[in-house]
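Below is one structure, written out as structure tokens, with a few remarks after it.
The first residue in the sequence is number 1, and the count goes up from there. All values reported here derive from a predicted model rather than from experimental measurement.
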Amino acid sequence: MSTTRKLWLGLAALLLASFAVLLWVGKEVHQQAPPLPSAVVTTDGHTLYTRADIEQGRQVWQSIGGQQLGSIWGHGALVAPDWSADWLHREATTMLELLARDEGAASFASLDAGRQAALKARVQSEERTNTYDAAKGTITVSPLRAHAMEVVALHYDSLFSNDPATHKLREGYAMRENTIAEMENRRVVTAFFFWTSWAAAAERPGHSVSYTQNWPFDPLVGNQPSGTSFIWSIFSILFLILGIGLLGWHHAVQSHKEEPAVPPARDPLADFKPTPSMKATAKYFWTVMGLFLTQILLGATTAHYQVEGQQAYGFALANILPYALTRTWHTELAVLWIATAWLATGLYIAPVIGGHEPKFQRLGVNFLWVCLILIVVGSFAGQWFAVMDKMGLKYNFWFGHQGWEYTDIGRFWQIFLFIGLMLWLFLVGRALWPAIKRRDETSNIVGLLFLSTIAIGLLYGAGLMWGEHTHIAMVEYWRWWVVHLWVEGFFEVFATAVISYLFVRLGLLRVHSATVNVLFATIVFMAGGVLGTLHHLYFTGTTTAVIALGASFSALEVVPLALIGLEAYDNWKKQHAAPWMARYRWPIIFFVAVSFWNLIGAGLFGFLVNTPIALYYMQGLNLTATHGHTALMGVYGMLGLGLMLFCLRGIKPDVEWREGWLKGAFWSLNIGLTLMAALTLLPLGILQLDAVLDHGYWFARSEHFMDRPLIHLLVWMRVPGDTLFAVGALLTSVFVASLWLGGKRQPRAVPLPQAAPENA
């Protein structure tokens, strides 16, 4: 049996086993999710909240931005508090004050240490005792806790209104005035916040940990890291060491087994004439740059809200574009412009690989672009109406703001986008089909490219697996299928296959070695990538199996990044393989940047927050944002720009490239991203981690911590990096525009220099 066939069988077996386990975990999450009670009642028979209140409260929370305005169970925005952690701590401290007054003390702080310890023990018992009655479907609370809940609910009622008493707090949280205008909606949103905090402290039946594995860390209520988190963190590190060792051994054995390819005398793609559909992809790249620039502008606005709260340099911007909207659009546009660059690459490269232009292909490419524009404009408009409280709850799920980070668009627009991806799959697939049928030496790479195209088209459908009232634990389960498997998983396989094919087509790689390498890389990546999805779910109301499997396999995601420097060096050498490779210098340099950020952003900063015990303290802090920014932009963004430049070289083959602009753009983007992480995100995250360890998670996300002068200084320190990054994006956009507006033409009559004899 050939090596290639063995790799295909290994990849198939790996994917079948991994997805089988992932689906089994989904069944476990569904069966053991924190219960939604029919009512929350007091011991003396008063009903505080009903299930309808909790579910409607979640709808209200989603309509105002959901995870884009603070967070729930650690997932979401970083300026406002985590509402579940905030409620939990406020409720506990309120109970302590009420108990102290019952004893005649002026405050809890005035009691001696012995009495304080006794009252803390009583509060911990109140919080951690699970009083859910499965037969009745009710959660029962004491009059003491009911009184504390009422006090906390009044605080939130004031906070989400326009009450002057909490105006300063709204500024600190970057919340607009009257975030929730209707009093009834403010009442029911407190029901949802209470339930998320109850699940975070109440112990699972038969276990000594809460439904969220004792997250968030808060010693006041007895939330400490579980033994499971420690044990599987140790195993995670061991799996990482083992994986790196095996991969290093494999590389040592397999390297230098095949002579390097001798590049051809002239550029094999020099005489290729772009087809009409390939030229039509140009508008996608114009759109990429427009979305990229808009995303940067919204990112700067979102960061600025952290110091001015409701304004931008004195202008009351929150009345038009509140923080929840700017952050929503900033995160969505990051995925949209990167995905658009990759999708356009698929449309561009498919006719090159297939060797023909299918009938009406250009029409399909143009129609898909129109659909993309409609989805962006329509979904963003719906989100504005939702967050500005102009839509109501009836239509919010379908046309407004779903409230789930990275999957915020309304369900109608989700379905529209899924249909668009099916059209993209059809257009790319039919252009690739002749190459698949040829069964030549590149068939394996083309086959993997085609299969990744199918996966990209179909896996976005995971975002349609939840409904408006699906349990939040299950929503999180399916949401990370989209965010992790779709964006971080199969898009990367697609990109790896495209780059390998391009290097083969240019004569820089031998077909056999390229095929083996791309299949092996896919196996290594998917070995941790599929089940590695679970590391996002440690503390979202899931089971212990999630921690065990997630810790074990998510560590393996870092393994292929351990040797990423070799990939960077190989890519760097390719630009010097032949004089004509100067035409592709900048796409390759962007691929080198991808390797660097894969090591730093995805590898180093990724593993920093990867183990259960690390994520227990770091989830929802700026350390996770450090990983998110450097991995999303550094890896996927740079890769999208590199692929775009490769396609533009073919779309505009005779136009002279202004290398200085690209050089300035490349270094501005990379240095700007480095400064953004080094001057703000990383130090701010470290300070937050220290605050978590000293006081509890609630404190690191509170106004007491975030309103410090040092924190404001660190936020202002983003200005140099953000400015430099924006300059890089602007230079890239100007370069792309110059290809159509005034670029000098290079005459085709000039012969390309030869790198080797024609018969080499």
- [ ] Ignoring hydrogens and angles, tell me if any N or O in the side chain of S233 forms a donor-acceptor pair with the backbone of I613 under 3.5 Å.
- [x] yes

Task: Side-chain touch L169/H155, heavy atoms, less than 4.5 angstrom - done: yes

TODO: First locate atom CG of L96, then atom CG of L220, and finally report the distance between them rounded to the nearest 0.5 Å.
DONE: 5.5 Å

TODO: Starting at OH of Y211, measure out to OG1 of T542 and round the result to the nearest 0.5 Å.
DONE: 13.5 Å

Open item on the list: Using the ring pair (Phe, Tyr, Trp, His ring centres under 6.0 Å) criterion, which residues pair with H330? Sequence neighbours excluded.
Closed with: none

Open item on the list: Quick check: do L693 and Y617 have side-chain heavy atoms less than 4.5 Å from each other?
Closed with: yes

Task: M706 side chain reached by Q306 side chain, heavy atoms, under 4.5 Å - done: yes

Open item on the list: Determine whether a donor-acceptor pair (N or O, by modelled atom type, separation under 3.5 Å) exists between the side chain of N214 and the backbone of S210.
Closed with: yes

Task: Geometric class of the Y636/W342 ring pair [parallel <30°, tilted 30-60°, perpendicular >60°] - done: tilted

Open item on the list: So if I apply the ring-ring contact (aromatic ring centres under 6.0 Å, His included) rule between H75 and each of W480, W404, W83, which one comes out positive?
Closed with: W480

- [ ] Look only at the side chain of R701 and the backbone of A85, and say whether a donor-acceptor pair between them is shorter than 3.5 Å.
- [x] no

Open item on the list: When you compare the side chain of I375 with that of L336, does any pair of heavy atoms fall below 4.5 Å?
Closed with: no

- [ ] Check whether any side-chain heavy atom of L714 lies under 4.5 Å from a side-chain heavy atom of L679, and answer yes or no.
- [x] no

Task: Side-chain donor/acceptor of S668 to backbone N/O of A665, under 3.5 Å - done: no

TODO: Supply the atom-to-atom distance H695 NE2 to F217 CZ, rounded to the nearest 0.5 angstrom.
DONE: 11.0 Å

- [ ] Tell me whether the centres of the aromatic rings in Y697 and W215 are closer together than 6.0 Å.
- [x] yes

Open item on the list: For W195 and W73, I'd like to know if the aromatic rings sit close, meaning centre-to-centre distance below 6.0 Å.
Closed with: yes

Task: Within-4.5 Å side-chain heavy-atom neighbours: N185 and F160 - done: no

Task: Set of ring pair (Phe, Tyr, Trp, His ring centres under 6.0 Å) partners for F735, sequence neighbours left out - done: W657

TODO: Assign the ring pair Y156 / W87 to parallel, tilted or perpendicular, where the plane angle (0 to 90°) is split at 30° and 60°.
DONE: parallel

Open item on the list: Tell me whether T407 contacts the main-chain N or O of R479 through its side chain, where contact means a donor paired with an acceptor under 3.5 Å.
Closed with: no

- [ ] Flag yes if more than 12 heavy atoms outside Y395 fall under 6.0 Å of its OH atom; otherwise flag no.
- [x] no

Task: Taking every non-hydrogen atom, the tightest pair across V692 and A700 - done: CG2-CB, 3.4 Å

Task: Near-ring test W466/Y477, centroid separation under 6.0 angstrom - done: no

TODO: Look at the rings of Y616 and F539 and say which category their plane angle falls in: under 30° parallel, 30 to 60° tilted, over 60° perpendicular.
DONE: perpendicular

Task: Residues T328 and H401: side-chain donor-acceptor under 3.5 angstrom - done: yes

- [ ] Check whether the side chains of Q295 and W337 place a donor and an acceptor atom closer than 3.5 Å, and report yes or no.
- [x] yes

Open item on the list: Just by distance, no angles: are the side chains of E476 and H536 close enough, under 3.5 Å, to form a donor-acceptor pair?
Closed with: no

- [ ] Side-chain contact test, heavy atoms from C-beta onward, threshold under 4.5 Å: evaluate it for D707 versus H712 and give yes or no.
- [x] yes

Task: Taking every non-hydrogen atom, the tightest pair across L675 and G721 - done: CB-CA, 3.7 Å

- [ ] For the pair K168 and E171, find out whether any cationic side-chain nitrogen is under 4.0 Å from an anionic carboxylate oxygen.
- [x] no

Task: Short side-chain donor-acceptor distance under 3.5 Å, Q383 and W413 - done: no

Task: ring pair (Phe, Tyr, Trp, His ring centres under 6.0 Å) partners of W478, counting only residues at least two apart - done: W481

Task: H89 and W698 aromatic ring geometry - parallel, tilted or perpendicular at 30°/60° bounds - done: parallel

- [ ] Mind checking the CZ-CG spacing from R327 to L78? Nearest 0.5 Å is all I need.
- [x] 5.5 Å

Task: Greater than 12 external heavy atoms within 6.0 Å of F385's CZ - done: no

Open item on the list: As an exercise, state the distance from CG of L321 to OG1 of T302, rounded to the nearest 0.5 Å.
Closed with: 9.5 Å

- [ ] Quick one: closest heavy-atom pair of T93 and R90, and the distance?
- [x] OG1-O, 3.0 Å

Open item on the list: Any donor-acceptor pair under 3.5 Å linking the side-chain atoms of E177 with those of Q310?
Closed with: yes

Open item on the list: With no hydrogens and no angle check, just 3.5 Å: does a side-chain donor-acceptor pair link S229 and Y538?
Closed with: no

- [ ] Give the ring-plane orientation class for H535 versus H484, where under 30° counts as parallel, over 60° as perpendicular and anything between as tilted.
- [x] perpendicular

Task: R187 with D53: basic N within carboxylate O range, under 4.0 Å - done: yes

- [ ] To the nearest 0.5 Å, tell me how far H629 NE2 sits from T624 OG1.
- [x] 10.0 Å

- [ ] Count the heavy atoms of every other residue, nucleotide or ligand shown that sit under 6.0 Å from CH2 of W661, and state whether that count exceeds 12.
- [x] yes

Open item on the list: Between Q414 and G463 (side chain of the first, backbone of the second, donor and acceptor by atom type, cut-off under 3.5 Å), is there such a pair?
Closed with: yes

TODO: Indicate yes or no: at least one non-hydrogen side-chain atom of Q59 is less than 4.5 angstrom from one of F397.
DONE: no

- [ ] Count the heavy atoms of every other residue, nucleotide or ligand shown that sit under 6.0 Å from CD of E468, and state whether that count exceeds 12.
- [x] yes

